[in-house]
Visitor: 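Before anything else, here's the structure in question.
Note that the structure is predicted; figures quoted are calculated from it, not measured.
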Amino acid sequence: MEFYDVVHRRRAVRRYRSDPVPKEALARIFDAANWAPSGMNKQQWEFLVVSGGKLAQMGDSYGKIAEGYTASWDDDKERQRFINFAKSFGGAPMLVVALAPASSNPAMRKMHLESVSAALENLLLAACAEGLGTCWMTGPLNDEPALRRILEVPEEKEFVAVTPLGYPAQEAPPPPRVDPDMSVKVRYLD
Ligand SMILES: Cc1cc2nc3c(=O)[nH]c(=O)nc-3n(C[C@H](O)[C@H](O)[C@H](O)COP(=O)(O)O)c2cc1C
């Protein structure tokens, strides 16, 4: 797929087929992540690939978060839809959890988070080029103690985001751009 097509076609996918992701595709996706720029060339990204019982436990954790988050929603059908999505991560066969080194120094922390975010965006775009779906998610991080327990992640690591990974079961429409021609958001100064 041509680069700009990939950029435009990547969507937050919230319904997946259960088909497994081929190992070769996974290797190419992580290779793309590995070629991101990084602060001090530390290449400080780490990824956990989660499936099976651990994925189910993460679904239990995110399901509880979703129940709390939607408690005040009036539309019960919409609420149930969101909770069901959360419990199964949309039926994805696997999740990728992105980790950065933790740092008490705000500048270093920012550098680590940005480096891992760059790698994660590469991963999302590569997955799209492979015909796979993803959804950058920080909602599941709201119960961090549960995630640390389930995934055995020590305090020296910071959670950056989670994405399901799998073949899309649904095409989401592209959300319109706030500033389609970037005439407001880009300013040329000289
Ligand atoms: C930092 C960040 C956090 C996000 N957290 C969530 C999340 O917790 N749950 C979710 O369903 N989507 C989440 N999203 C996905 C956004 O909702 C989605 O990217 C946005 O609506 C635009 O849609 P698109 O990705 O299809 O262009 C997150 C995206 C980003 C970049």
Side-chain angles (χ1 to χ4, degrees), residues 1-14 16 19-51 54-55 58 62 89-90 92-142 144 147-148 150-168 171-172 174-175 177-180 182 185-188:
M1 215 186 292
E2 203 263 324
F3 175 74
Y4 291 103
D5 286 342
V6 175
V7 169
H8 288 123
R9 285 184 62 169
R10 184 215 51 81
R11 288 276 71 73
V13 173
R14 298 191 177 86
Y16 294 86
D19 311 48
V21 178
K23 277 203 174 79
E24 298 74 17
L26 262 186
R28 287 190 292 269
I29 290 166
F30 284 121
D31 179 64
N34 206 22
W35 281 95
S38 62
M40 300 166 81
N41 189 28
K42 282 182 178 288
Q43 303 173 30
Q44 52 274 72
W45 37 80
E46 279 182 41
F47 298 102
L48 304 176
V49 181
V50 183
S51 60
K54 296 279 186 197
L55 170 54
M58 282 186 68
Y62 189 32
F89 288 92
M94 59 175 57
L95 298 178
V96 176
V97 179
L99 300 173
S103 178
S104 53
N105 176 322
M108 291 295 280
R109 178 171 183 249
K110 186 171 154 73
M111 183 188 78
H112 293 324
L113 293 176
E114 290 183 12
S115 303
V116 178
S117 296
L120 185 58
E121 178 65 3
N122 273 13
L123 185 152
L124 261 54
L125 292 174
C128 177
E130 297 282 347
L132 290 156
T134 53
C135 182
W136 188 311
M137 297 170 80
T138 51
L141 310 185
N142 277 301
E144 202 180 288
L147 287 196
R148 286 196 186 279
I150 296 164
L151 303 173
E152 300 171 45
V153 172
E155 293 291 336
E156 297 77 58
K157 302 286 171 196
E158 177 160 8
F159 288 96
V160 178
V162 172
T163 177
L165 181 65
Y167 291 100
E171 289 266 326
R177 297 299 91 187
V178 174
D179 180 17
M182 295 291 271
K185 288 178 180 285
V186 178
R187 285 172 295 139
Y188 295 86

Visitor: Run the side-chain contact (heavy atoms from CB on, under 4.5 Å) test against Val178 and tell me which residues pass, sequence neighbours left out.
Guide: Lys185
Visitor: Test of understanding: with side-chain contact (heavy atoms from CB on, under 4.5 Å), list the residues that count as partners of Glu114, not counting sequence neighbours.
Guide: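 Expected list: Lys110.
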Visitor: Return all side-chain donor-acceptor pairs below 3.5 angstrom for residues 121-137, not counting sequence neighbours, or 'none' if the list is empty.
Guide:
residue, atom, partner, partner atom, Å
Asn122, ND2, Ala32, O, 2.8
Glu130, OE1, Arg28, NH2, 3.1
Glu130, OE2, Arg28, NE, 2.6

Visitor: Measuring only between side-chain heavy atoms, which start at C-beta, is Leu113 closer than 4.5 Å to Val160?
Guide: yes
Visitor: Have a look at Leu165 and tell me which of Val13, Leu26, Val50 forms a side-chain contact (heavy atoms from CB on, under 4.5 Å) with it.
Guide: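 The single option meeting the side-chain contact (heavy atoms from CB on, under 4.5 Å) with Leu165 is Leu26.
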Visitor: What residues, two or more places apart in sequence or in another chain, satisfy side-chain hydrogen bond (donor to acceptor under 3.5 Å, both in side chains) together with Glu144?
Guide: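 So Glu144 forms a side-chain hydrogen bond (donor to acceptor under 3.5 Å, both in side chains) with Arg148.
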Visitor: Of all residues at least two apart in sequence or in a different chain, which pass the side-chain contact (heavy atoms from CB on, under 4.5 Å) check with Pro175?
Guide: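 Here the qualifying residues are Arg11, Arg177.
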Visitor: With sequence neighbours excluded, what pairs up with Asn41 under the side-chain hydrogen bond (donor to acceptor under 3.5 Å, both in side chains) test?
Guide: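 Asn41 satisfies side-chain hydrogen bond (donor to acceptor under 3.5 Å, both in side chains) with Gln43 only.
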Visitor: Is there side-chain contact between Gln44 and Ser38, with heavy atoms separated by less than 4.5 Å?
Guide: yes
Visitor: Sequence neighbours left out, what passes side-chain hydrogen bond (donor to acceptor under 3.5 Å, both in side chains) with Asp179? Give chain and number order.
Guide: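 In terms of side-chain hydrogen bond (donor to acceptor under 3.5 Å, both in side chains), with neighbours along the sequence ignored, Asp179 is linked to no residue.
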Visitor: Between Lys54 and Ile150, is the side-chain contact (heavy atoms from CB on, under 4.5 Å) condition met? List the steps.
Guide: CA-CA 7 Å; Lys54 296 279 186 197; Ile150 296 164; 4.0 Å; yes
Visitor: Report yes if the side chains of Val116 and Glu158 come closer than 4.5 Å at any heavy-atom pair, otherwise no.
Guide: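 Val116 vs Glu158: side chains apart.
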Visitor: Who passes side-chain hydrogen bond (donor to acceptor under 3.5 Å, both in side chains) against Asn34, sequence neighbours left out?
Guide: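 For Asn34, the residues satisfying side-chain hydrogen bond (donor to acceptor under 3.5 Å, both in side chains) (neighbours in sequence not counted) are Trp45.
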Visitor: The criterion is ring pair (Phe, Tyr, Trp, His ring centres under 6.0 Å); which residues satisfy it with Tyr16, sequence neighbours excluded?
Guide: none
Visitor: Find out whether Val153 and Leu48 are in side-chain contact, i.e. whether some heavy atom of one side chain is under 4.5 Å from a heavy atom of the other.
Guide: yes
Visitor: Could you work out, with salt bridge (Lys or Arg N to Asp or Glu O under 4.0 Å) as the rule, every residue matching Lys42, not counting sequence neighbours?
Guide: none
Visitor: I'd like to check the salt bridge (Lys or Arg N to Asp or Glu O under 4.0 Å) partners of Glu24; sequence neighbours left out, ordered by chain and number.
Guide: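 None.
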Visitor: Sorted by first residue and then second, give each ring pair (Phe, Tyr, Trp, His ring centres under 6.0 Å) pair with at least one member in residues 19-40; sequence neighbours left out.
Guide: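 Pairs touching residues 19-40 that pass the test: Phe30-Phe47.
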Visitor: Any side-chain heavy atom of Glu46 sitting closer than 4.5 Å to one from Lys157?
Guide: yes
